[in-house]
Amino acid sequence: MRRRLGGPAAMLAAGMVLAGCGGLVLAGCGGSGGSSAKPELRVTGAYMPQPVTADMAAGFFTVTNSGGADTLTSVTSGLAGDVTLHSTKGGAMEEEKSFAVPAHGELDFTSGGNHLMFEKLTRKPKQGDKVSVQLHFTKSGTVTVEMPVKPATYNPKTGH
């Protein structure tokens with residue numbers, strides 16, 4: 001036998017639907033992954049190809065997020081006076097102010113795509129060195145990554 005919700009119970013149920021479940025975990029409401037969920041970041045595959053010149057270098061990595069959305073706002077390193085965020089669109093490199101890290105998604109920095117530019121190097125890193133890099137996120141704060149210096153022609157897909 002089914003009972004209809006009446007009065008205050010019906011209003012409460014309607015309000016929860018309109019409010020997107022209002023913080024309650026109910027079937028079909030998805031208890032995590034909303035914009036207010038805490039990001040859960042993991043940085044992998046970080047590397048810097050050995051720079052060809054003494055004043056500039058590039059950096060690559062992947063941020064995997066198993067929680068709510070975040071934003072990479074800046075990067076710093078003792079190796080460089082400036083570290084800037086760049087995208088590559090239609091073959092042209094463009095400086096970016098920030099990059100979104102999607103909820104339950106990835107942000108990739110790869111050769112030919114998004115990348116870091118280290119400018120005004122304090123020294124020229126050599127293959128085998130590790131460069132400490134601080135990634136600054138809106139919600140997750142600062143994440144420090146040790147970025148190994150690989151050969152100038154390194155390809156992460158082949159490992160060479």
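Just so it is clear, the values below take in all heavy atoms, side chains as well, and ignore hydrogens, waters and symmetry mates.
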Give the table of side-chain donor-acceptor pairs shorter than 3.5 Å for residues 106-118, with sequence neighbours excluded, one pair per line with atom names and distance.
{"from": "Asp108", "atom 1": "OD1", "to": "Thr62", "atom 2": "OG1", "distance (Å)": "3.0"}
{"from": "Asn114", "atom 1": "ND2", "to": "Asp108", "atom 2": "O", "distance (Å)": "3.1"}
{"from": "His115", "atom 1": "ND1", "to": "Gly113", "atom 2": "O", "distance (Å)": "2.8"}

Supply the atom-to-atom distance Leu72 CG to Ser74 OG, rounded to the nearest 0.5 angstrom.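 Atom-to-atom, Leu72:CG and Ser74:OG are 7.0 Å apart.
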From CE (Met93) to OG1 (Thr84), nearest 0.5 Å: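 Atom-to-atom, Met93:CE and Thr84:OG1 are 7.5 Å apart.
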Distance-only donor-acceptor check, side chains [X] and [Y], under 3.5 Å:
X: Ser77; Y: Gln134; value: no
X: Ser132; Y: Glu146; value: yes
X: Thr88; Y: His86; value: no
X: Ser66; Y: His104; value: no
X: Thr73; Y: His136; value: no

Given the side-chain rings of Phe61 and Tyr47, with only the six-membered ring counted for Trp, is the space between their centroids under 6.0 Å?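 Ring-ring flag for Phe61/Tyr47: false, centres at least 6.0 Å apart.
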Is there side-chain contact between Val83 and Thr76, with heavy atoms separated by less than 4.5 Å?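 Not in contact.
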Measure the shortest side-chain to side-chain distance between Lys150 and Pro49 over non-hydrogen atoms and say whether it is less than 4.5 angstrom.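 Heavy-atom side-chain distance check fails, nothing below 4.5 Å.
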Would you say the side-chain atoms of Ser98 pair up with the backbone N or O of Thr71, donor to acceptor, closer than 3.5 Å?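 Answer holds: no.
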Expected output: side-chain Ser140 to main-chain Phe137 donor-acceptor under 3.5 Å: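 Not a single qualifying donor-acceptor pair exists.
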For the student: nearest non-hydrogen atoms of [X] and [Y], plus distance:
X: Leu41; Y: Val63; value: CD2-CG1, 4.0 Å
X: Ala54; Y: Lys124; value: CA-CD, 4.1 Å
X: Ala46; Y: Pro148; value: O-CD, 3.2 Å
X: Lys139; Y: Pro39; value: CB-CG, 3.8 Å
X: Gln50; Y: Pro125; value: CG-O, 3.7 Å

Results of salt bridge (Lys or Arg N to Asp or Glu O under 4.0 Å) for Glu96 - residues two or more places apart only: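 For Glu96, the residues satisfying salt bridge (Lys or Arg N to Asp or Glu O under 4.0 Å) (neighbours in sequence not counted) are Lys89.
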Just to verify, what does Lys130 make a salt bridge (Lys or Arg N to Asp or Glu O under 4.0 Å) with, not counting sequence neighbours?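 If we apply the salt bridge (Lys or Arg N to Asp or Glu O under 4.0 Å) test to Lys130, skipping adjacent residues, there are no hits.
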Member of Val145, Val149, Leu121 meeting the side-chain contact (heavy atoms from CB on, under 4.5 Å) criterion with Val131: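 Checked Val145, Val149, Leu121 against Val131; only one passes side-chain contact (heavy atoms from CB on, under 4.5 Å): Val149.
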According to a hydrophobic-cluster definition based on side-chain heavy atoms being under 4.5 Å apart (Ile, Leu, Val, Met, Phe, Trp, Tyr only), do Met48 and Tyr154 belong together?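 Per the 4.5 Å side-chain linkage, Met48 and Tyr154 are not co-clustered.
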Among the clusters formed by ILVMFWY side chains lying less than 4.5 Å apart, do Phe60 and Val143 turn up in the same one?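 As far as the 4.5 Å side-chain criterion goes, Val143 and Phe60 are not connected within one cluster.
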Does the distance from a Lys or Arg side-chain N to an Asp or Glu carboxylate O, for Asp82 and Lys120, drop under 4.0 Å?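 Salt bridge present between Asp82 and Lys120.
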Over 12 foreign heavy atoms within 6.0 Å of CZ, Arg123: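 Correct, the count exceeds 12.
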